[in-house]
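Everything quoted here is computed from the prediction, not taken from an experiment.
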Amino acid sequence: MDYFFYPSSVSVFGSFKKGAIAYEILRNIVEGGFEGKIIPVNPKGGTVEVAGKTFEVREKLDEPVDTAIIAIPAKFVPALIDEIGPLIKGAVVISAGFSEVGEEELERELVERAKKHGVRLIGPNCAGIFGVHGRFFGSFEVRVKPGGLALISQSGAFGGAALAMGNDEGIGFSAFVSYGNASDLNESDFLKYFADDGNTKAIALYIEGVRDGRRFLKALRYASERKPVIVLKAGKSASGAKAAASHTGSLAGSYEIYRAAFKQAGAIEVEEMEELFDAAKAFEMYPRAGKRVAVITNSGGPGVLATDKLERLGLEIAKLGDKTVEELRSFLPPQCSVRNPIDLIADADYERYKRTIEVVCRDENVDSILVICVPPIFIPSEEIAKAVIEADCDKPVIVNFMAGELVRGGVKLLEEHGIKNFPTPERAARALKWLSLR
């Protein structure tokens, strides 16, 4: 499926009036820096100006392209696929008005025409796709920065919201696909594809329901063996399942069956969007972590909150070795607590944090470290961020810098060095839980 996510040429079908879906997709592709050939197509022809470039709008597609993105009224889509089928490898059908509104026959016709020409379909009733490392933004959703997370979403709107929130959370993406009604390619196909994609470190999957449970389980197991797969399942309640059925025309089925399938396949199920992002951030940094955690903090309260949450999540508060405790005592002020959690007290500076991280990291009883920083107004958060960045430690370090404006500079510096911040002790603890499940 490289022709979808790493295409060398693309055609966009629809209206190119400002504000129209096809225009917005074209604008996203151009502004996103796509370096391949771009062909806008509309029977009326003319030209379209977007992002300072002028394109000829062709009346019909007259040369081969990898992928077609289609945003025209549903009733015309099957005939268009018939017309352009010999010239394309794949089609992303944005158009709604198929099985999700009872037009099953129209959708069947669409699939039959595509199969006749060997064309693979994404959609219909979808929000499009991103191949971020190919600088291909074939969707009207907000663009994202390159990274390691592939987001597969049955819902276009959820996918769009997740991309926007991912930007706020500092997450980098390898790809995004909204597959809507899954008339041809579905979640199983994308799981297998991203499992083998070199730019993808972790896969996030939002599903409401699947049609072929056996195939899904096989694909989920295949992907989970190779990469972390984070699943957010909607339609767990009876009312939610009914809503899911009317949304994309798929059957949500019994949640207990899905839950067992996720567990059996080795996928990581999360309950909320926030958890999905926390898991994604953790896996973008580290492939896994052990269960024994050391907590380093400059504030007792958040250290206690983290300790409580870690234990509730089934992780262990690491018992530091005598040698570690002695070494910590040799340079920390007497007011500091050298038992886990290690409290460096409020005036902890660069040197205190850096040395503590390095000493604790060498302890064979410690698998990972949770570093908490609540900076006083007289110590810039950038100073502590620098200590985390420069500390010599080869174990996973999860960071919780809080709160708000006081730590903005430090969080920015961390992110520039590939270290994600978790804004509360509890969320940081949960990130370590996800890593321990691998």
Electrostatic pair E269-K233, nearest N-O below 4.0 angstrom:
no

Measuring only between side-chain heavy atoms, which start at C-beta, is K227 closer than 4.5 Å to F194?
no

Can you tell me if E100 uses its side chain to pair, donor with acceptor, with the backbone of G97 under 3.5 Å?
yes

I would like to know whether F98 and V77 meet side-chain contact (heavy atoms from CB on, under 4.5 Å); could you show each step before the answer?
CA-CA 10 Å; F98 291 87; V77 177; 4.0 Å; yes

Quick one, W434 and V270 - any side-chain contact, counting heavy atoms below 4.5 Å?
yes

So CG of L80 and NZ of K75: to nearest 0.5 Å the spacing works out to 14.5 Å

Show me the side-chain donor-acceptor pairs of residues 81-96 shorter than 3.5 Å, one per line, residues at least two apart or across chains.
unit_1, atom_1, unit_2, atom_2, d
D82, OD1, K116, NZ, 2.8
D82, OD1, H117, NE2, 2.9
D82, OD2, R113, NH1, 3.4
D82, OD2, K116, NZ, 3.4
K89, NZ, D66, OD1, 3.2
S95, OG, I72, N, 3.2
S95, OG, I72, O, 2.6

Drop me the distance from S178's OG to I152's CD1, to the nearest 0.5 angstrom.
11.5 Å

Can you measure from CG (L110) to CD1 (I70) and round to the nearest 0.5 angstrom?
8.0 Å

For S381 versus G410, what's the shortest heavy-atom pair and its separation?
OG-N, 2.9 Å

Short side-chain to backbone donor-acceptor contact, Y286 and V397, under 3.5 Å
yes

Would one find more than 12 heavy atoms of other residues, nucleotides or ligands at under 6.0 Å from atom CD of E364?
no

Of all residues at least two apart in sequence or in a different chain, which pass the ring-ring contact (aromatic ring centres under 6.0 Å, His included) check with F34?
F136

Salt bridge check, E225 against R221: does any charged N sit closer than 4.0 Å to a carboxylate O?
no

Taking all heavy atoms of L315 and all of A429, pick out the closest pair and write down the distance.
CD1-O, 4.0 Å

Residue list, side chain to side chain contact (heavy atoms under 4.5 Å, CB included) with A162, at least two apart or on another chain
L151, F158, M273, F277

Beyond-backbone contact of D197 with Y6, side-chain heavy atoms, under 4.5 angstrom
yes

According to the side chain to side chain donor-acceptor pair (under 3.5 Å) rule, which pairs have a member within residues 384-398, sequence neighbours left out?
Y350-E390

Show your working on side-chain contact (heavy atoms from CB on, under 4.5 Å) between S139 and F176 and close with a plain yes or no.
CA-CA 9 Å; S139 168; F176 160 66; 4.2 Å; yes

Heavy atoms only: give me the nearest P396-A289 pair and the separation to one decimal.
CG-CB, 3.8 Å

Residue pairs passing the disulfide (SG to SG under 2.5 Å) test with at least one member in residues 385-419, sequence neighbours excluded, are C361-C393

By side chain to side chain donor-acceptor pair (under 3.5 Å), which residues pair with K53, not counting sequence neighbours?
none

Can you check whether I296 reaches I369 side chain to side chain, under 4.5 Å on heavy atoms?
yes

Between S11 (side chain) and I39 (backbone), is there a donor-acceptor pair under 3.5 Å?
no

Is there a donor-acceptor contact under 3.5 Å from the side chain of S8 to the main chain of G36?
no

Give every residue pair that meets the salt bridge (charged side-chain N to carboxylate O under 4.0 Å, His left out) criterion with at least one member in residues 148-177, sequence neighbours excluded.
E169-K281, E169-R427

Taking D367 for its side chain and V293 for its backbone only, find out whether a donor-acceptor pair lies under 3.5 Å.
no

Does R312 have any side chain to side chain donor-acceptor pair (under 3.5 Å) partners at least two apart in sequence or in another chain, and if so, which?
none

Under a 4.0 Å N-O cut-off, is there an ion pair linking R215 with D189?
yes

Taking the side chain as C-beta and beyond, is there a heavy-atom pair between F130 and V144 under 4.5 Å?
yes

With sequence neighbours excluded, residues passing side chain to side chain donor-acceptor pair (under 3.5 Å) with N421:
none

I268 versus F262: any side-chain heavy-atom pair under 4.5 Å?
no

Shortest non-hydrogen contact from I384 toward I379:
CD1-CG2, 4.0 Å

Pairs satisfying side chain to side chain donor-acceptor pair (under 3.5 Å), at least one member in residues 15-29, at least two apart:
E24-R27, R27-E31, N28-R143

For L205 and E187, the nearest pair of non-hydrogen atoms, with its separation, is CD1-CB, 4.0 Å

Close side-chain approach of V57 and K44, heavy atoms under 4.5 Å:
no

Quick check on K145: does its NZ atom have over 12 non-hydrogen neighbours (other residues, nucleotides or ligands) under 6.0 Å away?
yes

Check this for me: does any side-chain nitrogen of one of E112 and R108 sit under 4.0 Å from a carboxylate oxygen of the other?
no

Does the side chain of E208 come under 3.5 Å of the side chain of Y206 through a donor N or O and an acceptor N or O?
yes

Could you grab the distance from atom OG of S188 to atom CZ of F216, nearest 0.5 Å is fine?
6.5 Å

Are any side-chain N or O atoms of K433 and backbone N or O atoms of K309, one a donor and one an acceptor, separated by less than 3.5 Å?
no

Drop me the distance from K218's NZ to K192's NZ, to the nearest 0.5 angstrom.
6.0 Å

Excluding sequence neighbours, so at least two apart, what forms ring-ring contact (aromatic ring centres under 6.0 Å, His included) with F16?
none

Residues passing the side chain to side chain contact (heavy atoms under 4.5 Å, CB included) test with P228, sequence neighbours excluded, are A202, F283, R438

How far does CG of N186 sit from CG of N181, to the nearest 0.5 angstrom?
12.0 Å

Taking the side chain as everything from C-beta on, heavy atoms only, tell me whether M285 gets closer than 4.5 Å to I398.
yes

Tell me whether the rings of F5 and Y193 are parallel (<30°), tilted (30 to 60°) or perpendicular (>60°).
parallel

Return the minimal non-hydrogen interatomic distance between F55 and P40, and the atom names on each side.
CB-CG, 3.7 Å

With distance as the sole test, does E109 use its side chain to make a donor-acceptor pair with the main-chain N or O of P78 at under 3.5 Å?
no

Please name the residue in the list P425, P341, P302 that meets the side-chain contact (heavy atoms from CB on, under 4.5 Å) test with T307.
P341

Check for a donor-acceptor pair, side chain of E426 on one end and backbone N or O of L305 on the other, with a separation under 3.5 Å.
no

I'd like to know if the side chain of S436 and the backbone of K291 have a donor-acceptor N/O pair within less than 3.5 Å.
no

